[in-house]
There are 2 protein chains.
Amino acid sequence: MTVVRRKTAGRKAAASTAGRPAAKPAKERILDAGEQLFARNGFYGVSVRDITEAAGVDVALVSYHFGGKRELFAAVFRRRAEMLNPERLALLEEVRRSALPGVPALEDIVNAFTYPMLERSARGGAGWKSYFALVAQVNNSPEWGPVLMTEHFDPLVERFIAVLREALPGCDAREVYWGYQFLTGALTLTFAETGRIDKLSGGLCRSSDLDSVHQRLARYVAAGFRALCTAAAPAPHGARSKTRRSALRKIPRRPP
Amino acid sequence: MTVVRRKTAGRKAAASTAGRPAAKPAKERILDAGEQLFARNGFYGVSVRDITEAAGVDVALVSYHFGGKRELFAAVFRRRAEMLNPERLALLEEVRRSALPGVPALEDIVNAFTYPMLERSARGGAGWKSYFALVAQVNNSPEWGPVLMTEHFDPLVERFIAVLREALPGCDAREVYWGYQFLTGALTLTFAETGRIDKLSGGLCRSSDLDSVHQRLARYVAAGFRALCTAAAPAPHGARSKTRRSALRKIPRRPP
DNA sequence: ATCTTGATTCAACGGACGTTGAATATTTTT
DNA sequence: AAAAATATTCAACGTCCGTTGAATCAAGAT
């Protein structure tokens, strides 16, 4: 009956005068809060109420603006992919064009793939950092990976692999696909920034030091591609026994 | 009052005669079911009831045997780590010993690290496959990775890195740590088996084909290590501009 | 045979979950 | 200024959540 409407008035005042964060529209603030929280605890580890409280909006707005929690998750994932990937594609084409009539160096191709991500994760703001941590989890999730990664990244990846194959003439396509798989695994774990390398190295390396990654990943991966492609052609067995046979022994099967 | 105890009698009969799965003790069946479900949907994506229903036991047994859901998750993670890592360590030492008085090939060191996992994921049974998919998610999770990976894998990893450094004399320690980081990222994404490489390659490569990974990963990673370590010594800038400078442009900062 | 201990079942708890519909407020269009 | 469209608030819904305590069962020890 005599309840005073503190909330509404208070929110309005805070939005127009006091706090910075209330400047953005609610829909965007939900995306920001969801991005941060989903990156930390995954889809099921975050409730709609967690997100709306962090965003300072009402719970019902998630269903209103996005249709539901799952759709919000997809929208979070889509938002920055659409900002990022056109630029990565343009950079890749630029690398390719500037190497004509030859083919670009493998390092440059890999860099075109990784640099826009590493650069934004390092200096693009907290939102981008959260986003890439989220990508790391999605990429390794059997539930979300096949859906979201395929939908938003595969067109770019296909073009990237095509350019890689140009730069690796005569190399079996399978080697390139596996080489890409190893690259994306290394890249996404980097974005997870779990701090594990910090502990392992006793502080010598830091997860957050993406410049160190930028200086090393392309070289590492390019060498890996070359090693895969200079290996014996599709001869499944024989030769090169040193790397495969030397000290390996069979693992016994589990007892039934 | 007159309720008939169908459940108990039925379960007992099924356990002793009809079904295979009831042969194991309840505690182990909970671990098995949790392993499978956690691997698919993560910690928060699976309820205690999901697990106990899959295991065919009462809900209360999770709290009774493990103390709670979180402790069950940790127990699932610990169980196979304790089977696996002593063997990986023994294999590493065997590789090292059999190379004396020299140092082992990088490929053999990496293989000692990866082969026991790849072999079990390929031929160790469904439980092992689930387990490594779970490891892939944990390794990329900012919430669980630092806790569980550090606790159960770091002693092994430290020894592994020490041997790597023996095999890379004169190489800066940071290069080895980063090289390991890229390796574990590539390895764990492989275990996630999201099927993404299958779609990308049009069926040419299969996520589940861990033998293909075994044939390629050690070569790829060893070449990567060598590339990191033969690069210009800790000279942070200069030289080698081709790999770093050529076609890269600055990414503009976000508007404030 | 009785006692003891550990394993399992059952029912229930308070709370958090995602979503909804009606009511209200705000902005845009006419 | 009125009307329409959009945005936000509030309260509540039914459901599922993890955990608990008391009761029952199954064996082994005394």
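Atom set for the values below is all heavy atoms of this structure, side chains included, hydrogens, waters and symmetry mates excluded. Order of the sequence lines sets the chain letters (A, B, ...), proteins ahead of strands, with each chain counted from 1.
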Can you check whether A:Phe38 and A:Phe77 have ring centres sitting under 6.0 Å from each other? no
Find the distance A:Glu71:CD to C:dT19:C1' and express it as a whole number of Å. 11 Å
Phosphate contact (C:dT8 OP1 or OP2) by B:His65 side-chain N/O below 4.0 Å: yes
What is the distance from CD1 of A:Ile30 to C1' of C:dG18, rounded to the nearest Å? 14 Å
Rounded distance (Å) that lies between atom P of C:dG18 and atom CZ of A:Phe66: 15 Å
May I have the distance from B:Lys69 (atom NZ) to D:dC16 (atom P), rounded to whole angstrom? 15 Å
Could you state the CG-C1' distance from B:Asp58 to D:dC25, rounded to the nearest angstrom? 13 Å
Throw together a table of side-chain donor-acceptor distances under 3.5 angstrom for residues 44-58 of chain B, partners on residues two or more places apart or in other chains.
unit_1, atom_1, unit_2, atom_2, d
B:Tyr44, OH, B:Glu143, OE1, 3.4
B:Tyr44, OH, B:Glu143, OE2, 2.6
B:Ser47, OG, B:Arg49, N, 3.4
B:Ser47, OG, B:Asp50, N, 3.0
B:Ser47, OG, B:Asp50, OD1, 3.4
B:Ser47, OG, B:Asp50, OD2, 3.2
B:Asp50, OD2, B:Ser47, N, 3.1
B:Thr52, OG1, B:Val48, O, 3.1
B:Thr52, OG1, B:Arg49, O, 3.3
B:Asp58, OD1, B:Ala60, N, 2.9

Can any side-chain N or O of A:Arg123 pair as donor or acceptor with the backbone N or O of A:Glu119 at less than 3.5 Å? no
Is A:Ala60 touching bases, backbone alone, or none of the nucleic acid, heavy atoms closer than 4.0 Å? base
Take the protein atom CG of A:Leu61 and the nucleotide atom P of C:dT19, then report the distance between them rounded to whole Å. 13 Å
Could you pick out which residue, B:Lys27 or B:Val59, lies toward the 5' side of DNA chain C when each is mapped onto its nearest nucleotide? B:Lys27
Does A:Gln137 offer a backbone N or O that forms a donor-acceptor pair with the side chain of A:Ser141 under 3.5 Å? no
Expressed as a whole number of angstroms, how long is the span from A:Phe73:CZ to C:dT19:P? 14 Å
Proximity of B:Tyr180 and B:Phe113 rings by center, below 6.0 Å: yes
Please list, by residue number, the residues of residues 31-53 of chain A whose heavy atoms come closer than 4.0 Å to an atom of DNA chain C; answer none if no residue qualifies. A:Val46, A:Ser47, A:Val48, A:Arg49
Let me have the donor-acceptor pairs involving side chains of residues 145-158 of chain A, under 3.5 Å, with sequence neighbours excluded, atom names and distances please.
unit_1, atom_1, unit_2, atom_2, d
A:Thr150, OG1, A:Pro146, O, 2.7
A:His152, ND1, A:Leu148, O, 3.2
A:Asp154, OD1, B:Arg196, NE, 3.0
A:Asp154, OD1, B:Arg196, NH2, 2.8

